[in-house]
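Everything on this sheet refers to the single structure shown next.
Letters go in sequence order (proteins before strands), and every chain restarts at 1.
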Number of protein chains: 2
Amino acid sequence: MNSSHFSISLHILTLLDKVNGQLLNSEYIAGSINCNPVLVRKELANLHKHGFVQSKEGKGGGSTLAKRPADINLGEVYKAVKQKGLLGESKNEPNPDCPVGKQITQQLNKLYNDAENALIKDLSLKTLKDFSLGFD
Amino acid sequence: MNSSHFSISLHILTLLDKVNGQLLNSEYIAGSINCNPVLVRKELANLHKHGFVQSKEGKGGGSTLAKRPADINLGEVYKAVKQKGLLGESKNEPNPDCPVGKQITQQLNKLYNDAENALIKDLSLKTLKDFSLGFD
DNA sequence: TCATACTGTAACTTTTATTATTACAGAACA
DNA sequence: TGTTCTGTAATAATAAAAGTTACAGTATGA
C-alpha cells in the first residue's frame with residue numbers, strides 16, 4: 001500500500017460514523033484531515049467503489065456510510081485501499097544472470113505476502129465501530 | 001519502513017549466505033541487485049550497526065555474515081532496517097479543532113503498531129537460513 | 001428555469017522522497 | 001607505495017505523492 005491512503009480512508013470513515021448518517025461534503029472532510037478536497041474525493045471514489053460509502057451529487061450533496069460501522073472490517077478497508085504491496089514491489093530488476101538475483105523477486109513476494117496477510121488478519125479483528133469507539 | 005530497504009537488505013544477506021563466508025564487495029552485490037554500490041554500502045553500514053554483517057576495509061575487502069544464517073531472524077532484520085512506521089506516519093497535521101482530527105493520529109498509531117507487530121511476529125518465524133533455502 | 005453548491009475526474013504544477021552519481025579520506029594489501 | 005576496497009558526505013537526477021485548477025454533470029430550490 002501506500003502511505004497515507006489508509007490513514008485518509010480511516011479518517012473519512014470515522015468522520016462519517018461520528019455524524020450518524022448525516023451527509024458530509026469533501027470540503028468539510030478535507031478541513032478535518034487538513035488536506036486537499038480533491039484528494040478526499042479520490043479517496044471517497046475508491047471507498048464508494050468498494051461499497052463502504054454512498055455519495056449524493058449536486059447541491060446539498062455529500063457522502064455517508066453504506067454499511068453499519070460494525071459491519072465494516074478494517075482488514076477489508078485495508079485491502080480496498082491498498083494499491084501496491086506493503087513491502088517491496090519496486091521497479092528494480094535484479095540481475096537475471098545471478099542465481100540469487102534471478103529468484104529474489106519471487107522469493108521476496110512470497111515472504112511479503114505471508115507477512116502482509118498476518119497484518120491483514122490482525123486488522124480484520126477490528127471494525128470501524130471498534131475504532132471509532134476509541135475516540136472520546 | 002520504507003520501500004526497498006528491506007528488499008535490498010535481504011538480497012545482501014542472501015548473497016552473503018550463499019557464498020559461505022567469502023567476502024563480497026559492494027560492487028559485486030550492487031551488480032546482483034542492479035543498483036548503485038553506494039546504496040549497498042549504506043545498507044551494509046546499517047546491517048553492520050545491527051550486528052548482522054562484518055566488513056573488512058581496504059584492498060580485497062568486503063562483507064560477510066556476522067552470525068550463522070539460522071540465527072538471523074527476519075523479524076529482527078525488519079526491525080533493524082525499518083526507518084519509519086509501515087503505515088501512515090505522514091507529516092500531515094489534522095485539524096485540532098475537530099474532535100476526530102484531534103485524536104486520529106494517536107488512534108491510527110495505536111492501530112498501526114498492533115498491525116505491524118503482527119507482521120513482525122510472522123516474519124520472526126523465519127530465519128535467513130529458511131529464506132535462503134527457498135532458492136534452488 | 002436558472003443560480004448555486006455539490007461530485008467526479010482530468011490535466012497540470014509543486015513538493016517531497018528516493019536513487020544515482022561524484023568525490024575523497026582512510027584502511028588493508030601486495 | 002600504488003591499488004582496491006570501505007565509509008561517508010554532498011549533490012544531482014528521477015520518481016512518487018500531494019496540491020491546484022478547471023470544468024462537465026447532477027441535484028436543489030428560489
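The phosphate of D:dA18 (OP1 or OP2) has a side-chain N or O of A:Ser4 nearer than 4.0 angstrom. An OP1 or OP2 oxygen of D:dT20 is reached within less than 4.0 angstrom by a side-chain nitrogen or oxygen of A:Asn36. Contact annotation: A:Ser63 side-chain N/O to C:dT7 OP1/OP2 distance is not under 4.0 Å. Listed pair B:Ser55 / D:dT6 fails the phosphate criterion, with no side-chain N or O lying under 4.0 Å from OP1 or OP2.
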Please walk me through it: do A:Ser132 and A:Thr14 pass side-chain hydrogen bond (donor to acceptor under 3.5 Å, both in side chains)? CA-CA 6 Å; A:Ser132 184; A:Thr14 305; 5.6 Å; no
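Closest-nucleotide positions on DNA chain C for B:Ile8 and A:Glu27 were compared, and the one nearer the 5' end corresponds to A:Glu27.
Results of the side-chain contact (heavy atoms from CB on, under 4.5 Å) test with B:Ile33 over A:Ile104, A:Val100, A:Asn95, A:Asn92 single out A:Asn92 as the only residue that passes.
Cluster membership for B:Val19 and B:Leu65, using ILVMFWY side-chain heavy atoms within less than 4.5 angstrom, is shared.
Rounded to an integer number of Å, the gap from CD of A:Glu93 to C1' of C:dT19 is 15 Å. The distance from atom NZ of A:Lys49 to atom P of C:dG8 is 13 Å, rounded to the nearest whole Å. As a whole-Å value, the separation of B:Ile29 CD1 from D:dG7 P is 11 Å. Whole-Å rounding puts the B:Leu24 CG to D:dT4 P distance at 18 Å. Distance CG (A:Leu23) to P (C:dA5): 17 Å, rounded to an integer number of Å.
Looking only at distances, a side-chain donor or acceptor of B:Asp130 sits under 3.5 Å from a matching main-chain atom of B:Thr127.
Between B:Val77 and B:Phe131 the shortest side-chain heavy-atom distance does not fall below 4.5 Å.
Take B:Phe52 and apply the ring pair (Phe, Tyr, Trp, His ring centres under 6.0 Å) test, not counting sequence neighbours, and it matches no residue.
The two residues B:Ala118 and A:Asp122 make their nearest non-hydrogen contact at CB-CB, 3.6 Å.
Interatomic distance, OG of B:Ser63 versus CD of B:Glu43, reported as 12.0 Å (0.5 Å rounding).
For the segment residues 38-48 of chain A, the set of residues with a heavy atom within less than 4.0 Å of an atom of DNA chain D comprises A:Val38, A:Leu39, A:Arg41, in numerical order.
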Distances under 3.5 Å between protein N/O atoms and the N/O atoms of nucleotides 27-30 of chain C, please, pair by pair.
{"from": "C:dA27", "atom 1": "O4'", "to": "B:Glu57", "atom 2": "OE1", "distance (Å)": "2.9"}
{"from": "C:dA28", "atom 1": "N3", "to": "B:Lys59", "atom 2": "N", "distance (Å)": "3.3"}
{"from": "C:dC29", "atom 1": "OP1", "to": "B:Lys56", "atom 2": "NZ", "distance (Å)": "2.5"}

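In the displayed structure, A:Phe135 atom CZ is contacted under 6.0 Å by more than 12 heavy atoms of other residues, nucleotides or ligands.
B:Asn25 comes within 4.0 angstrom of the backbone, heavy atoms only, and of no base.
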